[in-house]
Amino acid sequence: QVQLVESGGGLVQAGGSLRLSCAASGRTFSMYVMGWFRQAPGKEREFVARITWSAGNTYYAESVKGRFSISRDNAKNTVYMQMNSLKPEDTAVYYCAAAPEYKGRSYYYAGTYRYWGQGTQVTVSS
């Protein structure tokens with residue numbers, strides 16, 4: 001049974017930092033793409049960042065580029081997202097997701113991902 005368990009969310013002031021973790025279990029993820037999405041109240045779930053587990057290739061949404069950094073630890077089967085210079089508009093539930101890696105596929109859309117975590121709340125106060 002595949003499980004993705006997020007942690008690390010919380011309340012932080014604008015300009016602060018948080019590091020989210022996503023612990024993956026239940027299968028081998030070496031040929032998977034791991035993504036982070038977020039969903040604010042009343043809004044659709046949106047792409048934040050993704051990383052290929054095999055090569056570590058990353059891609060970010062424009063809104064977080066230069067502030068967020070996604071990484072993975074193969075030994076711990078864990079994906080991280082370091083979030084710096086947080087803004088109130090970053091407030092959302094953040095979800096970790098996993099999708100099989102296929103050449104040429106876009107991993108920008110939530111529908112591409114097969115497995116999802118339960119989410120962790122990030123609240124940035126002004």
Side-chain angles (χ1 to χ4, degrees):
Q1 181 182 357
V2 172
Q3 276 196 310
L4 302 177
V5 180
E6 304 99 330
S7 61
L11 173 64
V12 64
Q13 288 190 331
S17 298
L18 284 173
R19 188 177 81 155
L20 304 183
S21 299
C22 172
S25 62
R27 67 161 299 123
T28 301
F29 288 93
S30 58
M31 296 306 296
Y32 270 66
V33 175
M34 305 299 293
W36 284 99
F37 285 75
R38 66 186 181 186
Q39 188 166 18
K43 294 188 176 182
E44 290 188 358
R45 192 167 298 190
E46 66 172 358
F47 171 82
V48 177
R50 62 93 170 140
I51 186 167
T52 61
W53 207 291
S54 54
N57 295 323
T58 60
Y59 186 80
Y60 298 91
E62 283 297 324
S63 59
V64 306
K65 200 174 289 185
R67 300 188 298 123
F68 291 12
S69 176
I70 188 172
S71 62
R72 88 269 193 243
D73 184 326
N74 292 345
K76 295 183 178 180
N77 240 27
T78 300
V79 175
Y80 303 98
M81 188 159 70
Q82 179 67 40
M83 306 187 297
N84 299 327
S85 303
L86 283 161
K87 305 175 181 180
E89 51 264 44
D90 293 318
T91 295
V93 177
Y94 282 71
Y95 297 91
C96 176
E101 183 180 2
Y102 293 109
K103 188 177 181 179
R105 175 175 285 185
S106 170
Y107 292 92
Y108 187 83
Y109 302 100
T112 303
Y113 292 79
R114 182 176 296 179
Y115 304 108
W116 290 86
Q118 82 289 348
T120 185
Q121 176 71 45
V122 171
T123 303
V124 185
S125 63
S126 57

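One is the number of the first residue; the rest follow in order along the sequence.
Rounding to the nearest 0.5 Å places CZ of Arg19 at 7.0 Å from CD of Gln82. Atom-to-atom distance recorded for Thr58:OG1 and Arg50:CZ is 7.5 Å, nearest 0.5 angstrom. A distance of 9.5 Å separates OG in Ser30 from CD in Glu101, rounded to the nearest 0.5 Å. Expressed to the nearest 0.5 Å, how far CG of Leu11 lies from CD of Gln13 amounts to 8.0 Å.
The stretch residues 97-126 participates, sequence neighbours left out, in no disulfide (SG to SG under 2.5 Å) pair at all.
Listed for the Glu6 side chain is no donor-acceptor partner under 3.5 Å among the backbone atoms of Thr120. Checked by atom type and distance alone, the side chain of Gln118 never pairs as donor or acceptor with a backbone atom of Val5 at under 3.5 Å. Proximity of a side-chain donor or acceptor of Thr52 to a complementary backbone N or O of Asn57 within less than 3.5 Å is detected. Of the possible polar contacts, one joining the Asn77 side chain to the Ala24 backbone as a donor-acceptor pair under 3.5 Å is found.
Remark: Arg45 engages Gln39 in a side chain to side chain donor-acceptor pair (under 3.5 Å) (not counting sequence neighbours). Take Ser71 and apply the side-chain contact (heavy atoms from CB on, under 4.5 Å) test, not counting sequence neighbours, and it matches Tyr80. The side chain to side chain donor-acceptor pair (under 3.5 Å) check on Ser17 picks up Asn84, with sequence neighbours excluded.
With side-chain heavy atoms closer than 4.5 Å counting as contact, directly or through intermediates, the hydrophobic cluster containing Tyr102 also holds Val33, Phe37, Phe47, Tyr59, Val93, Tyr95, Tyr107, Tyr108, Tyr109, Tyr113, Trp116. Clustering of Ile, Leu, Val, Met, Phe, Trp and Tyr by side-chain heavy atoms under 4.5 Å joins Val64 with Val2, Leu4, Val12, Leu18, Leu20, Phe29, Tyr32, Met34, Trp36, Val48, Ile51, Trp53, Tyr60, Phe68, Ile70, Val79, Met81, Met83, Leu86, Tyr94, Tyr115, Val122, Val124.
Pairing each heavy atom of Ala40 with each of Ala92, the nearest pair is N-CB, 3.8 Å. Pairing each heavy atom of Met31 with each of Ser54, the nearest pair is SD-CB, 4.4 Å.
Between Arg38 and Ser63 there is a side-chain heavy-atom pair separated by less than 4.5 Å.
Under a cut-off of 6.0 angstrom, the local environment of NZ in Lys65 is crowded, with over 12 non-hydrogen atoms contributed by other residues, nucleotides or ligands.
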